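Predicted, not measured: the structure shown is a model, and the values here were computed from it.
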Amino acid sequence: MRALTTIGLLLAANIFMNFAWYGHLQFQKWGWLKSNSLWIALFLSWFLAFFEYILQVPANKIGYQNNGGPFSLMELKTIQEVLSLSVFFIINVLIFQEKISWNQVLGFLIMGIGVWLVFKK
C-alpha cells in the first residue's frame, strides 16, 4: 500500500511540476497570459510548484525504506524521473499538441532499460 501511495503522490506531483515548468510556455497561446511577462510566468510557475512540493515531500517520506517504505533513495529518484518523463510525454502530446518523433520514442525506451537496471537485484 505504501508503494502505491508513493507512486500516486509522485504522479500527481509530476502533473503539477510539468505545468509549472512548461505550462507558462503555452499560457499565451491559450489566451491565459496576454503579455509575455517573465514575472507573471515566475509567479504562476511557483504557485503550481507549491502544490508539487505538497505532494512530492510526503511521497518521498512515505516511500523511503528508512521510514518504513519499500524504496531506496535511488529507487525513489528513478520512479520520480520515469513518472516525470511519462507525464511530460502525455502532456506534451495531448495538451501541448507537439509531435513526437521516432528517435524520441526510442530514447524513452532506452531510458526504460536504465530503469530496469536500477531495480534489478
- Task: Compute the centroid of each ring, for F50 and then for F16, and state whether the two points are separated by less than 6.0 Å.
- Result: no
- Item | Charged N-O contact under 4.0 Å between E75 and K120 | no
- Check the side chains of N14 and Q80 for a donor-acceptor pair under 3.5 angstrom, ignoring hydrogens and angles. yes
- Item | F71 ring center within less than 6.0 Å of Y64 ring center | no
- Task: Give me the ring orientation class for F47 and F43: parallel if the planes are under 30° apart, tilted from 30 to 60°, perpendicular past 60°.
- Result: parallel
- Query: With side chains defined as the heavy atoms from C-beta onward, is the minimum distance between I79 and F119 less than 4.5 Å?
  - Reply: yes
- Task: For the residue pair L48 and W21, establish whether any side-chain heavy-atom pair is separated by less than 4.5 Å.
- Result: no
- Message: Donor-acceptor pair, distance only, cut-off 3.5 Å: does the side chain of E81 make one with the backbone of T78?
- Response: no
- Any T6 side-chain heavy atom under 4.5 Å of N60 side chain: no
- Out of curiosity, does L11 fall in the hydrophobic cluster containing F88 (side-chain heavy atoms, cut-off under 4.5 Å, transitive links)? yes
- Is there a side-chain contact between E98 and V93, using heavy atoms and a 4.5 Å cut-off? no
- Does any non-hydrogen side-chain atom of L109 lie less than 4.5 Å from one of I113? no
- Note on the structure: What one should report as the nearest heavy-atom pair of S86 and F108 is OG-CZ, 3.6 Å
- Between CG of L44 and CH2 of W39, what distance do you get to the nearest 0.5 Å? 13.5 Å
- Message: Using 0.5 Å steps for rounding, measure from the CE atom of M17 to the CG atom of L83.
- Response: 9.5 Å
- Task: Would you kindly confirm whether F51 and I95 end up in one hydrophobic cluster when ILVMFWY residues are joined by side chain heavy atoms under 4.5 Å apart?
- Result: yes
- Nearest non-hydrogen partners of R2 and P70, listed with the distance: CB-CD, 4.1 Å
- Y22 side chain reached by N92 side chain, heavy atoms, under 4.5 Å: no
- Rounding to 0.5 Å, atoms OG (S72) and NZ (K77) come to a distance of 13.0 Å
- Item | S84 to N18 - nearest heavy-atom pair and separation | O-ND2, 3.7 Å
- Message: Please report the interatomic distance OG(S45) to CG(L25), rounded to the nearest 0.5 Å.
- Response: 8.0 Å
- Is any side-chain heavy atom of Q56 less than 4.5 Å from a side-chain heavy atom of L10? yes
- Query: Given the rule that I, L, V, M, F, W and Y join up when any side-chain heavy atoms are under 4.5 Å apart, are Y53 and L9 in one cluster?
  - Reply: no
- Query: Do L85 and F96 sit in the same hydrophobic cluster, where Ile, Leu, Val, Met, Phe, Trp and Tyr count as joined when their side-chain heavy atoms come under 4.5 Å apart?
  - Reply: no
- Quick one: does L73's side chain get under 4.5 Å of N66's, heavy atoms only? no
- Message: If hydrophobic clusters are built by linking Ile, Leu, Val, Met, Phe, Trp and Tyr wherever their side-chain heavy atoms come under 4.5 Å apart, do I7 and M111 end up in the same one?
- Response: no
